[in-house]
Engineer: 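If you scroll down you'll find the structure; I have some questions about it.
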Amino acid sequence: MDGVHDLGGMHGFGPVEREVNEPAFHERWEAAVYAIMRASLGTGQYTLDEFRHGVERMDPAHYLRSGYYEHWLDGIARVLIEKGVVSGDELAARTAFFAERPDAPASAAVRVMPATPAPRIKWMAPESERPATKPPRFAVGEIVVTRNIHPTGHTRLPRYARGKHGVIHRQHGTHVFPDSNAHGGGEQPQALYSVRFDARELWGPAAEPNQHVYIDLWEPYLEPGAPRG
């Protein structure tokens, strides 16, 4: 999806500024959003790829003026509404309730549910590697070219790397294919590679010489390439 989230190589945003000793969370609510995401992912409310695609559909103007965990919160809400876990009306009512009563306990706006055993939550991200069902199409050292695709759905092929020549640097095995798993198409595992790109192939002659970018790419993103003169 060519959304606002795919900013690699875009001009006009200034340098990337690193915060020295950056904390995991700048505000307490960010930790709560992190916990909500891991709990809903761990209980199978959605897949990691569905969550990522939820974030990608955020309003572009809102995306650019908000922070990392606000992106998460927006994506979580969107996917949980789509999954029927909460309705848009319920979410709006709870938002209005806490806007008027910011000091109210969280339980004040939660429906009382019958007592049931707490679900077992897997806090770690689910493993994505799967057994291979066919040999990988490409070998280490082979030249490949990325497909110039612009899907309307989720993809892990960044816009700046489409239609570019690279070299297979490493094979990572077979992994869940995000482009299908984000849209109810099943895992459809595919071979995953680390592909090395010359910086000048990606950014043109103004890029520094002898610099390389390594991107993990699934096999359906790649076609056989040829040496370039």
Side-chain angles (χ1 to χ4, degrees), residues 1-83 85-86 88 90-92 94-99 102-103 106 109 121-128 150-162 172 175-179 181-183 192 194 202-203 213-218 221:
M1 180 178 178
D2 294 346
V4 67
H5 63 285
D6 193 357
L7 294 174
M10 295 283 286
H11 291 157
F13 292 92
V16 176
E17 297 180 359
R18 293 188 177 183
E19 183 178 344
V20 178
N21 299 321
E22 182 179 9
F25 307 108
H26 291 81
E27 302 287 347
R28 187 175 180 181
W29 67 265
E30 295 179 340
V33 171
Y34 180 85
I36 293 170
M37 186 275 180
R38 300 313 298 260
S40 49
L41 180 68
T43 52
Q45 302 293 346
Y46 47 68
T47 68
L48 184 59
D49 299 309
E50 290 172 328
F51 162 71
R52 285 171 170 158
H53 188 53
V55 174
E56 292 168 358
R57 287 174 286 155
M58 190 173 179
D59 173 76
H62 186 191
Y63 187 99
L64 292 176
R65 65 173 183 265
S66 56
Y68 183 71
Y69 284 105
E70 194 166 343
H71 298 171
W72 277 37
L73 182 59
D74 190 274
I76 292 168
R78 179 172 296 103
V79 177
L80 290 182
I81 289 173
E82 291 173 349
K83 295 285 185 178
V85 177
V86 63
E90 286 178 312
L91 185 60
R94 294 182 192 185
T95 301
F97 178 89
F98 287 110
D103 295 328
I121 298 174
K122 298 178 180 178
W123 289 100
M124 299 299 293
E127 290 289 338
S128 64
H150 297 270
T152 57
H154 181 62
T155 184
R156 301 292 287 174
L157 175 56
R159 188 164 33 187
Y160 69 83
R162 296 173 188 167
H172 289 306
H175 291 256
V176 173
F177 188 42
D179 300 45
N181 199 42
H183 304 288
L192 179 65
S194 172
L202 298 179
W203 315 118
V213 177
Y214 295 81
I215 308 176
D216 287 344
L217 298 173
W218 277 260
Y221 301 155

Engineer: Quick one: pull up CG in L41 and OG1 in T47 and give me the separation to the nearest 0.5 Å.
Structural biologist: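 So the CG of L41 and the OG1 of T47 are separated by 8.0 Å.
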Engineer: Under a 4.5 Å cut-off applied to non-hydrogen side-chain atoms, are H71 and M58 in contact?
Structural biologist: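 Contact flag for H71/M58 side chains = yes.
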Engineer: Give the C-alpha distance, both sets of side-chain angles, the deciding distance and a yes or no for side-chain hydrogen bond (donor to acceptor under 3.5 Å, both in side chains) between H53 and E56.
Structural biologist: CA-CA 5 Å; H53 188 53; E56 292 168 358; 3.1 Å; yes
Engineer: Quick one, F13 and L7 - any side-chain contact, counting heavy atoms below 4.5 Å?
Structural biologist: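 The answer is yes; the side chains approach within 4.5 Å.
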Engineer: Closest heavy-atom contact between Y46 and K83?
Structural biologist: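 Taking Y46 first and K83 second, the nearest heavy atoms are CB-CE, 4.2 Å.
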Engineer: Quick one: does R162's side chain have a donor or acceptor within less than 3.5 Å of a partner on L157's backbone?
Structural biologist: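 At least one qualifying donor-acceptor pair exists.
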Engineer: As an exercise, state the distance from CD of E127 to NE2 of H175, rounded to the nearest 0.5 Å.
Structural biologist: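 Atom-to-atom, E127:CD and H175:NE2 are 8.5 Å apart.
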Engineer: Determine whether a donor-acceptor pair (N or O, by modelled atom type, separation under 3.5 Å) exists between the side chain of N181 and the backbone of D49.
Structural biologist: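 Absent.
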Engineer: Just by modelled atom types, is the H183 backbone N or O under 3.5 Å from a matching donor or acceptor in the H154 side chain?
Structural biologist: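 Between the backbone of H183 and the side chain of H154 there is no qualifying donor-acceptor contact (under 3.5 Å).
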Engineer: Look up atom CG in D2 and atom NE2 in H150, then write down how far apart they are to the nearest 0.5 Å.
Structural biologist: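 Between D2 CG and H150 NE2, I get 5.5 Å after rounding to 0.5 Å.
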Engineer: Mind listing the closest non-hydrogen atom pair of M10 and D6 along with its distance?
Structural biologist: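 So the two residues come closest at CG-O, 4.3 Å.
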Engineer: Can you tell me how far the CZ atom of R78 sits from the CD atom of E50, to the nearest 0.5 Å?
Structural biologist: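 Interatomic distance, R78 CZ to E50 CD, rounded to 0.5 Å: 13.5 Å.
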Engineer: Could you check whether F25 and Y68 have their ring centres less than 6.0 Å apart?
Structural biologist: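 No: the rings miss the under 6.0 Å criterion.
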Engineer: Hey, is the main chain of V176 close enough, under 3.5 Å, to the side chain of W218 for a donor-acceptor pair?
Structural biologist: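 Looks like yes, one N/O pair under 3.5 Å.
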Engineer: Closest heavy-atom contact between V79 and G54?
Structural biologist: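 Looking at all heavy atoms of both residues, the shortest contact is CG2-CA, 3.9 Å.
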Engineer: Taking all non-hydrogen atoms of both residues, which atom of V55 and which atom of W72 are closest, and how far apart?
Structural biologist: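 Nearest pair, atom of V55 first, then W72: CG2-CA, 4.4 Å.
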Engineer: Which heavy atom of P60 sits nearest to which heavy atom of V4, and what is that distance?
Structural biologist: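 For P60 and V4, the tightest heavy-atom pair comes out as CA-CG1, 3.9 Å.
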Engineer: Working note: M1 + R57, criterion side-chain contact (heavy atoms from CB on, under 4.5 Å); need CA distance, chi angles, decisive distance, verdict.
Structural biologist: CA-CA 9 Å; M1 180 178 178; R57 287 174 286 155; 3.9 Å; yes
Engineer: Is there a side-chain contact between E70 and H62, using heavy atoms and a 4.5 Å cut-off?
Structural biologist: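 Side chain of E70 against side chain of H62, heavy atoms only: contact under 4.5 Å found.
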Engineer: Main chain of R156, side chain of Y221: is a donor-acceptor contact present, judged purely on distance under 3.5 Å?
Structural biologist: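 Indeed, once roles are kept as given, a pair shorter than 3.5 Å links the two residues.
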Engineer: Between E90 and V86 (side chain of the first, backbone of the second, donor and acceptor by atom type, cut-off under 3.5 Å), is there such a pair?
Structural biologist: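 It does not hold such a pair.
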Engineer: If every non-hydrogen atom of I76 is compared with every non-hydrogen atom of I36, which pair is closest and at what distance?
Structural biologist: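 Result for this residue pair: CG2-CG2, 4.1 Å.
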